[in-house]
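When reading the values below, keep in mind they use all heavy atoms of this one structure, side chains included, and skip hydrogens, waters and symmetry mates. This is a predicted model, so every value here is computed, not measured.
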Amino acid sequence: MAENTGFINVPWQQHRLGGRYTRPFPSMSRPKCLGVCSINASRDYVDDASHAGYLAGQPWPELPLDLNDGIEDVIRKPLDHIKRDLEYMLLYIKHHQKELLRKRSSDPGNLFLDTDFITLRGILRQIMCLQYDTNRTFRIKATLLNGSVYMAKEETPEQQWENENMSKKQLDMCSWGFKFEQYLTSAQAQGKPITNVPVNEAEEFMGVYRVNLAGIGILYGAELDCVDSLKPVDFNDPKVLDSLNFVELKTSAFNMNRHQMRSFDSYKSANWWSQSFLVAIDTIYVGLRDAKGLVQKIDKIDARTLNHNKPWNPSAMAWFLEQFLRNLKKLLVTINDPFAVVQVTFQDKRAHYEVLRGPEHQILPDWYRDLLKAAT
């Protein structure tokens, strides 16, 4: 029987920044995109590709690009948006029951997903990078239902306070990335960007991916910036979907100083690599901006080369994720309670867990639990 509090074993010491690491990359399938959905301006789930974006037809707008243009009218995500992130995955499952839900002859009263984990790419990415950014505190909640573990991000009280008390400058800098996306994307293939309307940060286009990491099946959602295609895309065709060339759009400092370069090499590049790797993205377009938010140059980066001459190691990051997921599921199987929620806090090179019970801690709504009960 598991204790109500304790620590989950993860290999914090397996690799240090700049150190040697020789363990080969774990076996892993190529991330496969199963389908897409959208989140509209009201943060409601929409089961289509209505918010998909295309990489704009070139030439792009003339440089410099002013990332502050129209920033007074920007529509930002609600502060509590993290609380609903997992819900969008559950709604996707609801709308795609025939493709995803299965019956077991040994358990005819319940439906199950043929995967070990259901979560979001952002959670996987942050876990992969934690061993290098040891000053970061990160918290998740997880629960086991019908053989699958569901993971959602949870803000600590300190993080919640920081987000609620961001300065205008901090908020504006967060919005720069969204404005850069507006400059480089279009709603139609080979279209031109429309930049004279307010940026709506609440809208999203999400892909749903499946991967197998060393025998661990993972189903996860990932917000996608745009697709690079000269022709309109049929997002409902599975063969087309799996062959699409999605690209990532980022902003970064122009003419980085020594401190900024060290931070990029040690942390930001690891985040960029893992984020792209988890959705099989090869190309990143980076808007290099000055301190005033003016993009002076646009670079094209091959994401597969981001780890070259960096102090972090992709193999170590993948093994860190694999060990955590494997040990988390073992813990939840031992607890053996579909209403038990394990809260994991990564802090000070430890993964402390606490078992929570009660309706206020649940991450799965009642309607979803009812969905996984087979009709008799």
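- Checked against the 6.0 Å centroid criterion, the rings of Y150 and Y368 qualify as a close aromatic pair.
- N146 contributes a side-chain N or O that, together with a main-chain N or O of L111, makes up a donor-acceptor pair within less than 3.5 Å.
- Counting only N and O atoms by type, the side chains of Q14 and Q131 include a donor and acceptor under 3.5 Å apart.
- Of the N and O atoms on the side chains of S274 and R125, not one donor lies less than 3.5 Å from an acceptor on the other residue.
- Checked by atom type, the side-chain pair N110/R104 shows no donor-acceptor distance below 3.5 Å.
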Verdict with reasoning, I363 to L86, per side-chain contact (heavy atoms from CB on, under 4.5 Å) = CA-CA 8 Å; I363 61 173; L86 180 63; 4.1 Å; yes
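- Aromatic pair Y267/W312: centroids not less than 6.0 angstrom apart.
- Between the side chains of N163 and E155, at least one donor-acceptor pair of N or O atoms lies under 3.5 Å.
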Anything under 3.5 Å between a donor and an acceptor, one on a side chain of residues 206-216, the other on a protein residue two or more places apart or in another chain? List them.
{"from": "R210", "atom 1": "NH1", "to": "D114", "atom 2": "O", "distance (Å)": "3.3"}
{"from": "N212", "atom 1": "OD1", "to": "G215", "atom 2": "N", "distance (Å)": "2.9"}

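- The closest side-chain donor-acceptor pair between T137 and E158, if any, does not fall under 3.5 angstrom.
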Evaluate the criterion side chain to side chain donor-acceptor pair (under 3.5 Å) for residue pair R121 and Q126; output intermediate values, then yes/no.
-> CA-CA 9 Å; R121 173 186 58 174; Q126 291 194 58; over 6 Å; no
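- A side-chain N or O of D47 and one of Y45 form a donor-acceptor pair less than 3.5 Å apart.
- The distance from atom CG of L145 to atom CG of L332, rounded to the nearest 0.5 Å, is 11.5 Å.
- The distance between the ring centers of F346 and F324 falls below 6.0 angstrom.
- The side-chain tip of R369 points at the ring of F339 from less than 6.0 angstrom away and within 45° of straight on.
- Using modelled atom types and a 3.5 Å distance limit, the side chains of R289 and S252 yield no donor-acceptor pair.
- Here the side chain of Q260 pairs a donor or acceptor atom with the backbone of N257 at under 3.5 angstrom.
- Judged purely by distance below 3.5 Å, without hydrogens or angles, the side chains of N40 and E203 never pair a donor atom with an acceptor atom.
- Annotation: cation-pi geometry satisfied between K94 and W367 (NZ/CZ under 6.0 angstrom from ring centroid, within 45° of ring axis).
- K250 and Q275 share a donor-acceptor pair across their side chains, judged by distance under 3.5 Å alone.
- Grouped with W319 in one hydrophobic cluster are Y21, the linkage being side-chain heavy-atom contacts under 4.5 Å among Ile, Leu, Val, Met, Phe, Trp and Tyr residues.
- Listed for the D290 side chain is a donor-acceptor partner under 3.5 Å among the backbone atoms of G293.
- Judged by distance alone, the side chain of D242 and the main-chain N or O of P238 form no donor-acceptor pair under 3.5 Å.
- The aromatic ring centroids of F320 and Y132 lie 6.0 Å or more from each other.
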